[in-house]
Each structure stands twice: as structure tokens, then as C-alpha cells.
> 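First the structure, then my questions, so here it is.
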Amino acid sequence: MKYKWHTGSIAWIIHRVSGILLLLYIFLHLYVLSNLKDPQKFESIMKAMDNPFVKIGEAGLLFLVIAHSLNGIRLTLLDIGTPTKYQKLLFRAAAIIGGIIFLIGAWPIMGGGY
Amino acid sequence: MKTCTFNIKRFDPEKASTPRWAKFSVEMEQTERLLDGLIKIKDNMDGTLTFRRSCAHGICGSCAVKINGKNGLACQTLIKDMPDTITLEPLEAYPVIKDLVVDMSPFFEKNDKVMPYLVNDETPPDRERLQSPEDQHKILQSITCIMCGSCTSSCPGYWANKDYLGPSALLKAYRFIFDTRDNASGERLEKIIHNNGLWRCRSIYNCVEVCPKEIDITGHLSKLKRLAVKKKLLERK
Amino acid sequence: MKHHYDTVIIGSGLAGLRAAAEASEHGSVAVLTKLYPTRSHSTAAQGGIGAALGNEEPDSPEWHFYDTAKGSDFLGDQDAIEVMCEDAIRTIVELEHLGVPFSRTSEGKIAQRRFGGHTRDFGKAAVRRACYSADRTGHAILFALFEQSELQGVNFFPEFHVLDIVIENERCLGVIALEISSGEIHTFSAKATLIASGGYGKVFRTTSNAYASTGDCLSILFNAGIPLEDMEFFQFHPTGLYGPGILITEGARGEGGILINAKGERFMERYAPAIKDLAPRDMVSRAVMTEVREGRGINGRDYVYLDLRQVPEEVIKERLPEISTFCKIYLGIDPSGKPIPVLPTAHYAMGGIPTDVDGRVLKDERGSVIHGLYAAGEAACVSVHGANRLGCNSLLDTVVFGRRAGMAINSDLRNTEKGSIPQSMIDKAGDEIDSLKNRTGDEQAGTVRNELQSAMTDKCSVFRTEQDLSDLAGKINELKEKSKKIELKDKGKIFNTELLEAIELDHLINLAGAITHSALQRRESRGAHFREDFSERDDRKWLKHTFVFKTDDRLEFKYKPVTITQFQPEERKY
Ligand SMILES: Cc1cc2nc3c(=O)[nH]c(=O)nc-3n(C[C@H](O)[C@H](O)[C@H](O)COP(=O)(O)OP(=O)(O)OC[C@H]3O[C@@H](n4cnc5c(N)ncnc54)[C@H](O)[C@@H]3O)c2cc1C
Ligand code: FES
């Protein structure tokens, strides 16, 4: 039987996975920027950005950033002395706040306007 | 009375090289302990079932096992809080000796690495050393540890790296570092500030979830982390 | 495998560890224990360890001495009691220096609380004498002693089950033990062997004792012709949780808890007007059982209430956290809001291996010793507890006499030659294991054990009669026969706990016989031994210790006078 998942371990897995994916993204990002010297190529890359899959990818990126940073804040708070009994509450709060920020941010990415 | 199915992961090194699962149907009272069920099985159904136990009320630390995917004490878990089917496995991450019995020596060895004893070389006074109730409270939770091994065996950090000291040993270090009567705290701290020590704790809280004594282990470790950071910063200066 | 040490200690409870620390200063020490050291049952001790520190109110070792002698119903040997009480303060201070995390008073001294039978001014009122670490005192002391003895280089052999103690020509040569994890037999030759193997509460059904408390070593010595002393005296603690029998410390009453019956009446006022609920355990247990028998048990059932509702919640949280957790886990009760159902539970063996005040084992009632053999702790009978032990005196006993045994070993070692264990004894131990594994029949160990424990609890507990005891003696013989027909399913070597349980069961049956027959002999009531057919204490005939010997399956009784120095026997009123 698999070891039971608790809030803390879920948060930890999310943190780990988002961390690794963000690292990969940084390489991707550097690659894109390295094309700045060649206006044409850059133009075509920017075009590709309109592709709906890329948009979903960008929303995903937003999700990773939010998840990693909010959990990072949660861990920092716990490390500087927030009592353990709040660790689950902090996770839930992070999830809710993160969810809202995500919706607000993903809407324009996906082409919606305010 | 209710009929419970005990689904137990078994291993007999003298008979097979891999574990197997065995099911037992046992009549249990709601107020009985899981341990009572194991004893009924051993007494009346299969004498070969092997597990550790002694005190039967959660104070000696013998009977920790994985219960439905979560570590806990068999003598402190009541039938009324369990589903009809109860899955029991030996503690994760320690070598299995037989059935639910694991080799705890890796666990105890970690403990020995943190100077787990009070050090005070000053000539003792004629009477007790004084300690205020507030100071005693600093170590109050940490002294209740029964060394059952549930915490370290639930820690993903330990699963990944068996050289990690693990929550229990670090808690033991805390118990002495924060004891006002001890004067080897600095030395002890050095023994745990390294990559396989304090810094491998990733605040996953699995240990807190399982501790049968409800010790806030991670909270204690983050206190140690703050102390370690402070010490290192001061040393820089 | 063969090992050689100067000293071999069986048991890693407080007695064994304290002795180990002492003996390791002068020679090599091995500690054998069938559990991991910190799992020893000393860890379960809750309430406190007694010493007249006087930290909370005036107290004196002499009052402690008097209380212990009176508590023992004057069967305790007063020379030994004096030694213990005089050494108590030094002992506690030493434990504190070793790191025991005692609870503290606001001035930072060791906190103390009231305990049963401990009084000021020779019985005037209850006194605060029990030093505690919340209600985890045994745990706190056990860990400190274990940590320090590891530091001192004591060699531990955890999960080694002692099978035999080798005695030849009145000299102990060492120990034969089974390494549980491998099933291999190991021998430990030694100049000195100390038995600190704890109690044997598992002869009873309802008990506060651990599964490991089976008295193996007492039974081994008994079979080897060494007498057991005062076996009829077994303490029943009045407040075991109704059902599992888990202990609720006397400290709960020390902090203000009271016992009430079905009518809500504080019945101890009638039995012990001066110190009421803090009377000694034998009296309180009898009072509880009397209430139950006379129909004043709660709902007409066989229990009473321990009421902690008037104890401030902070006090429970600070000083009784563990027992309050037990109530919550096992009964679903919060003791601040609801009274706790309790009944007497088999708790402590006053009787055991006879020793002198330095832990040397006596081979007869005249005081001759077996060379190289020592005992301390609950396994031993010094006797400081006589017919009834006072609360918080046992932990003190283990540490004081554990240390003394260690010192005696150190001084005896100088003129002792190393012996070695004859091969024939090793073969015998191996053969016995094989014969147990090959035994055939249709009996089950669990059934026989349950029958034994039920019979003992029903017929040999708080109240005893000739009829019950002789029925019980018959039953024990019957069970002895049955046990020969137990067939083991587990024939393996590795971690064969079925085998160990079978061995332990034989020991339990053996000790049950010693208890029952000693109780049959003693036709009086004293301390924990209450005979309904002889309900008075009879100092003229019975102010003496029972020594029971086993010779060719027959039991023989001899008696040893009690040492009385300072306090003449008087009527025991509280
Ligand atoms: C629930 C409870 C609460 C108590 N509270 C108090 C209290 O508040 N104050 C007080 O003064 N007293 C108290 N007592 C009594 C006291 O705790 C015990 O009498 C004392 O701890 C016994 O210590 P010990 O060292 O003699 O033996 P134990 O601590 O019982 O140790 C026995 C040792 O012997 C070993 N052993 C036994 N048989 C074998 C074998 N065959 N082979 C190898 N090893 C073996 C065991 O592994 C163990 O290490 C309490 C007792 C109980 C049960
Ligand atoms: S048997 Fe002691 S903790 Fe479970």
C-alpha cells in the first residue's frame, strides 16, 4: 500500500515539481531571448505565441509561479516560527489566494479582456 | 462486536524471499485495540504471526506499524476508528526481519550520532541544579518521545536518503540543546548542521501527522534551524 | 557464540541500568534485555519517585522510614528500609544531575506531590514527597540512565532472551540467552550476574504490567532451587482503567482526585478518615472492592469512579497529561468533564528473589548467599516493601538497590575468578528449545494463558479464601499438564515469538503456583494479602517472611524473621 498523502506531503510534491518545471522554463526562456538578435526569427516565434497550446502553456507557467511562490511564502512563515497547527490552514489559504490570482491572470492570457 | 478483516503483509525469510499478503477475519469489540486483534490472531489462528509489543498502552514504543498506509501504534489505535478492512504493514524504510518486525538498528544508530546525553562538566551543586518551570517547558514535548520510529519511517527525506539523521534523532538533539542544564549545546549543534542533518528536513510534516505522542517535531526542528542560522551569522561577524 | 564479561546484567529497567552504570566503572559490563532497553516497563511508571527533599513542605527521611514500615504492614525489613530512605535524597539529586527532566517548582527546584501513605510527622497528614516529571516519571528517568550508561561504554544486547542462569556449586557462572533476531544461543560467562528482570504481573488478567512482565528469571532460579520470598504479596492498584486495566497514577489522587461510589459518596472518608483517598493501596483496593460487593459500584457494576472534575484543568494539563490522554484514547472520556471508571488492577510484586541490602541473592532463610549472583529492582525482595509497597517507593528501590548491587559487585569482583559455562548446560538449553518446538498436542498457548490469568484474577486477588486458593492450586496443576500439550506452529529460528511466549507461559505457571501456595500457607491478613477466613493480622504467628523452595516439583516452606529496628508493629490506621 502506498504511503498516505497528507497536506504537507502534497505541498512538498507541488513545490518540488513546480520548482523543476520552472527551472526548465528558464532555459526555454533564455532560448527565446537569445533570438532577440535576429528580428525575423523573433517575429516568427512571437507569432507562434498565438497558438492556443502555447497559451495554455503560459497559463500553466502562471500556475507554477503562483504555486511555487505562495508555498515558498508558506514555508518561510513556518520557518520563522508560525506554529505548526497553521500549516494546513496556510496551505488552504495559499490554494485559495493562488486560485484567485490564477483566474485573474489566466483570463487575459487566454484572450479575454476586462 | 464487529468482524474485521486484517490484511497483513507477511514475510518469513526462512520460507520465502518475497513478502506475501495474508487475510484474517477476527471478531472485535469496538473498544479493543488493533494490538488485541493481532494477539487474537497469534493466539487462536496463526501462531507464526510475528510482531513486537510490550506495554500495550502507547508508552514503550514497541508496536509501531503502518496502518492503512499511515504509521501508528497498534496498541493506541482502536477498532472503532478503523474501517472494516485493516491493512497492516511493517514500518517503511527499515529492513524487514519477519512479518511486522523491522530492524530498528539504523534508527537507533542515528540517535547515537547527536550526543544523546546531558553534558555538564561543572562540579555539581549539593542539591539539584535549578531550572525554572518555563525553561523546563522548552523541552517538555521533546522528552515525551518514545522512540517508536514512526516519524523517521514516514519521512520522504529519509526514504530518499538513509544517511539522513531523521526527525527522531534531530528531536533528541533538540531535547539536549534546549536543556538549560546542558553545556555542550554548541558542539551538539555542529553535529546536526549538515546536509544529512537539519537541512534535509523539508517541512513535509509527515512526522507530525504520525507521532503517537503528538509532538510538534517539525516545529521543534524549525526552532533548531533558526538557532543554527543565528549561530552561523554570529560566527561570520 | 560465547561472550565473557566481568558483569552480566539481565534487564535494562531502572534497576539494571543503575547497576550497570556503577559496575562499568570497574569492569566490563553486558546488559541483556529481551526488549530494546528503553522499552523496559520502568518507562510506564507515571506518578513519581519518593524522597524527603522537603522542596514543597517540611519533610524528613525518618518520616519516610516510618511511612514505609507502616505501609509494609510491618513486614518490611527495617534495616533495609532505613538504608533506602536515608539514601533517597542523594539518589534524586544524582538523577537530576544525570539529566532527568523533573517538573519544577516556581523556584526551580524539583516539584513534589502527595502520594498514598506518605505522611508528615508520623501519620498526621499527607505530605508532598513524590518527585515527578509530569506523569511520565519512569520514562524520564529510564531515558536519562540509558543515555548515561551508553556514554559509559556499557555493552547492550537488546532482544536477547535469557533462557538459563547457570549455577554450579553455589556459584553463578553466567547466563545462557537466545538472540531473538537470529535464534542463535549465546553464552555470557561472568564473575557477577545481576538479575534486574522486573515484575511478573502477567500472571493476572487485569494488570497494569507489560506483556514482557513474565518473571522469567525468578522462575528459572526457582527451578534451580533458589527460594522466592513473600510471593503471596502482590499489589493491586486501586485505579486501573475499567476494561484494559491501564494504570491511572496515584498522583491523580495526590493532585486532588477523589474516589466516589454509585451514591456519589466519597467513600474513602469511611475507611481512612485522616488521609482518605491517599491511604495505602492495599486499603484503597479493599475499600473499592467492598463498595462493589455491597452493591455501591457504579450502576451496580464492578467499578467505581475516580473523579478529577474538581482538579483545575491547568493542573491536569501540566501534571497529568499522559493519564488524561489514556482516558481520551481508551475510554473516550475527558477527565476534566467526566469521572473515570476504575477498578483494581494487578500492579506490583512485593515478593521476589531474596537478597541482602547489597543485592546478594540468598539461598536460604538463614542468609547464606550464592556467590556471584545478585538481584535488584522489582525482581528482588530486599524486603523494603514488606506486605504492601507505598507508591513512588519502587522507583526509589530500583535506583538505590541497583546502585548498591553495582557497588557490591565491584567489591566482590576483586576476589572472584572467572568461571566458564559448561558445554552440557548449553546443549541442554538447545535441547529444551528443540523439544518445545517438537511438542505435539491440541492445546493452544493463548487459551492456556488466558485460563491461567483469569483463574488468578478471580481467585487470588484483593480478597482470598482457603477454598478459592485450593481450587486455584488444582487449576494450576491442570494447566501445567495442558501446557505440555501445546503445539507450536512456528518452527523457525528467526524472531520466533511463539516459542518465547511458550517459554514465558511455563514461567508464569510456575510463579502462579508459588504465589498461590504461599498465599494458602499464610493464614492471616497482612498488607496486600487479605484472607477472608483469617481477616486479622497475626503478629505472634506470622510476623515473618515466607521462603518457598521448589524441590522435585514439591514446594517447601521456610520462614525468616522480620528485622525490626525502630518501629514496633502497631495497628495500621490512617
Ligand atoms: C503502570 C505502572 C506505573 C508505575 N508507577 C510507579 C510510580 O509512579 N512510582 C514508583 O515508584 N513505581 C511505579 N511503578 C513500579 C515500577 O515502575 C517498577 O516496579 C519498576 O520500574 C521496575 O523496574 P525494574 O528495573 O525492576 O524492571 P523493569 O523496568 O520491568 O525491567 C525489566 C527488564 O528485564 C528484562 N527482562 C525480563 N525478562 C527477561 C529475560 N528473560 N531475558 C532478558 N531480559 C529480560 C526486560 O526486557 C526489561 O529490560 C509502576 C509500575 C507500573 C506497571
Ligand atoms: S506496545 Fe508499547 S507502545 Fe504499543
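Residue numbering restarts at 1 for every chain, and letters A, B, ... go by the order of the sequence lines.
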> What part of B:R181 gets closer than 4.5 Å to chain C, counting heavy atoms only: side chain, backbone, both or neither?
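Interface part for B:R181: side chain.
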> Only pairs of heavy atoms separated by less than 4.5 Å count here; which of B:P125, B:C148, B:A56 has the most with chain C?
B:P125
> Can you tell which part of C:T105 gets under 4.5 Å to a heavy atom of chain B, answering side chain, backbone, both or neither?
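Interface part for C:T105: backbone (N, CA, C, O).
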> Please determine if C:D490 and B:K98 form a salt bridge, counting it only when a charged side-chain N lies under 4.0 Å from a carboxylate O.
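A salt bridge is present here (some side-chain N lies under 4.0 Å from a carboxylate O).
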> Could you tell me whether a side-chain N or O of C:E147 sits under 3.5 Å from a main-chain N or O of B:L118, the two making a donor and an acceptor?
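No: the side chain of C:E147 does not pair with the backbone of B:L118.
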> Please state whether the side chain, the backbone, both or neither of C:H97 comes within less than 4.5 Å of a heavy atom of chain B.
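For C:H97, heavy atoms of backbone and side chain both lie under 4.5 Å from chain B.
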> Taking CD in B:E214 as the centre, count heavy atoms belonging to other residues, nucleotides or ligands within less than 6.0 Å. Is the count above 12?
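No, because the 6.0 Å sphere around CD of B:E214 holds 12 heavy atoms or fewer from other groups.
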> Decide yes or no for B:K213 and C:R136: does some side-chain heavy atom of the first lie under 4.5 Å from some side-chain heavy atom of the second?
no
> Under 4.0 Å between a Lys/Arg side-chain N and an Asp/Glu carboxylate O for C:R104 and B:D135?
no
> How long is the span from the OH atom in C:Y211 to the SG atom in B:C60, to the nearest 0.5 Å?
11.5 Å
> Highest number of heavy-atom pairs under 4.5 Å with chain C: which of B:T144, B:D46, B:T31, B:D103?
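If we count pairs closer than 4.5 Å to chain C, B:T144 comes out on top.
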> With a 4.5 angstrom heavy-atom cut-off, which part of B:D182 approaches chain C: side chain, backbone, both or neither?
neither
> Would you check if there is a donor-acceptor pair between the side chains of C:T497 and B:K42 at a distance under 3.5 Å?
yes
> So which residue, C:S181, C:G332, C:G108, ends up with the most heavy-atom pairs under 4.5 Å with chain B?
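That would be C:G108.
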> Please identify, among C:K34, C:E94, C:E501, C:H41, the residue contributing the most non-hydrogen atom pairs under 4.5 Å to chain B.
C:E501
> Is it the side chain or the backbone of B:M115 that comes within 4.5 Å of chain C heavy atoms, both, or neither?
neither
> Looking at CD of C:Q152 and OH of B:Y117, how far apart are the two atoms once the value is rounded to the nearest 0.5 Å?
12.0 Å
> At what distance, to the nearest 0.5 angstrom, does CG of B:N44 lie from CG of C:N450?
7.5 Å
> Assess, by modelled atom type and distance only, whether the side chains of C:E318 and B:H137 contain a donor and an acceptor separated by less than 3.5 Å.
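Short answer, yes.
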> Need one label for C:P244: side chain, backbone, both or neither, based on atoms under 4.5 Å from any heavy atom in chain B.
both
> Are B:H57 and C:Y330 close enough that their ring centers fall under 6.0 Å?
no
> Would you give the length of the straight line joining atom CG of B:L140 to atom OG of C:S133, rounded to the nearest 0.5 angstrom?
7.5 Å
> Relative to chain C, which segment of B:N120 carries a heavy atom at a distance below 4.5 Å: side chain, backbone, both, or neither?
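Neither; nothing under 4.5 Å.
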> Would you check if the side chain of C:E96 reaches a backbone N or O of B:R129 as a donor-acceptor pair within less than 3.5 Å?
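Present.
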> Give, as side chain, backbone, both or neither, the part of B:I39 having an atom under 4.5 angstrom from any heavy atom of chain C.
side chain
> Is B:L78 close to chain C through its backbone or its side chain, or both, or neither, when contacts mean heavy atoms under 4.5 Å?
side chain
> Heavy-atom pairs under 4.5 Å with chain B are the metric here; pick the option from C:T38, C:N55, C:L95 that has the most.
C:N55
> How close do C:G446 and B:D43 get, heavy atom to heavy atom, and via which atoms?
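Of all heavy-atom pairs spanning C:G446 and B:D43, the closest is CA-CG, 3.4 Å.
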> Strictly distance-based, threshold 3.5 Å: is any side-chain N or O of C:R39 a donor or acceptor partner for the main-chain N or O of B:R53?
no
> To the nearest 0.5 angstrom, please state how far the CG atom of C:L247 sits from the CD1 atom of B:I59.
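Here the rounded value is 11.5 Å.
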> Sort B:K15 into side chain, backbone, both or neither according to what part of it lies under 4.5 angstrom from a heavy atom of chain C.
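For B:K15, no heavy atom lies under 4.5 Å from chain C.
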> Please look at B:P133 and chain C and tell me whether the side chain, the backbone, both or neither of the residue comes under 4.5 angstrom of a heavy atom of that chain.
both
> Treating B:E128 as the side-chain partner and C:V93 as the backbone partner, does any N or O pair qualify as donor plus acceptor under 3.5 Å?
no
> Pick one of side chain, backbone, both or neither for C:A140, based on which atoms fall under 4.5 Å of a heavy atom in chain B.
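Neither; nothing under 4.5 Å.
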> Of all heavy-atom pairs between C:F495 and B:T50, which one has the smallest distance, and what is that distance?
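In terms of heavy atoms, the two residues are closest at O-CG2, 3.5 Å.
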> Looking at every heavy atom in both B:G47 and C:K489, which two are closest together, and how far apart are they?
N-CD, 4.2 Å
> Give me the atom names and distance for the closest heavy-atom approach of C:A210 to B:C55.
CB-CA, 3.8 Å
> By a 4.5 Å heavy-atom criterion (distance strictly below it), what part of C:I110 contacts chain B: side chain, backbone, both, or neither?
both
> With only heavy atoms counted, which part of C:L488 is less than 4.5 Å from chain B, the side chain, the backbone, both or neither?
neither
> For B:Q136, which atoms come within 4.5 Å of any heavy atom of chain C: side chain, backbone, both, or neither?
side chain
> C:P101 versus B:R175: any side-chain heavy-atom pair under 4.5 Å?
yes
> With a 4.5 angstrom heavy-atom cut-off, which part of C:V448 approaches chain B: side chain, backbone, both or neither?
neither
> Does any N or O in the side chain of B:R127 come within less than 3.5 Å of the main-chain N or O of C:L53, such that one atom is a donor and the other an acceptor?
yes
> Please look at C:E107 and chain B and tell me whether the side chain, the backbone, both or neither of the residue comes under 4.5 angstrom of a heavy atom of that chain.
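The answer is the backbone of C:E107.
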> What part of C:A212 is in contact with chain B, defined as an atom under 4.5 angstrom from a non-hydrogen atom: side chain, backbone, both or neither?
both
> Measure C:K491 against the heavy atoms of chain B and call it side chain, backbone, both or neither at under 4.5 Å.
neither
> With only heavy atoms counted, which part of C:I494 is less than 4.5 Å from chain B, the side chain, the backbone, both or neither?
both
> For atom NZ of B:K2, decide whether the heavy atoms of other residues, nucleotides or ligands shown that lie under 6.0 angstrom number more than 12.
yes
> How about NZ on B:K223, more than 12 heavy atoms from neighbouring residues, nucleotides or ligands closer than 6.0 Å, or not?
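Counting neighbours around NZ of B:K223, more than 12 heavy atoms of other residues, nucleotides or ligands fall under 6.0 Å, so yes.
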> Please flag which part of B:T77 lies under 4.5 Å from any non-hydrogen atom of chain C: side chain, backbone, both or neither.
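For B:T77, there is no contact with chain C at all, as no heavy atom is under 4.5 Å.
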> Supply the atom-to-atom distance C:F143 CZ to B:C145 SG, rounded to the nearest 0.5 angstrom.
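That separation rounds to 6.0 Å.
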> Against chain B, label C:R90 side chain, backbone, both or neither, depending on which of its atoms sit under 4.5 Å from a heavy atom there.
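Contact with chain B involves no heavy atom of C:R90 at all.
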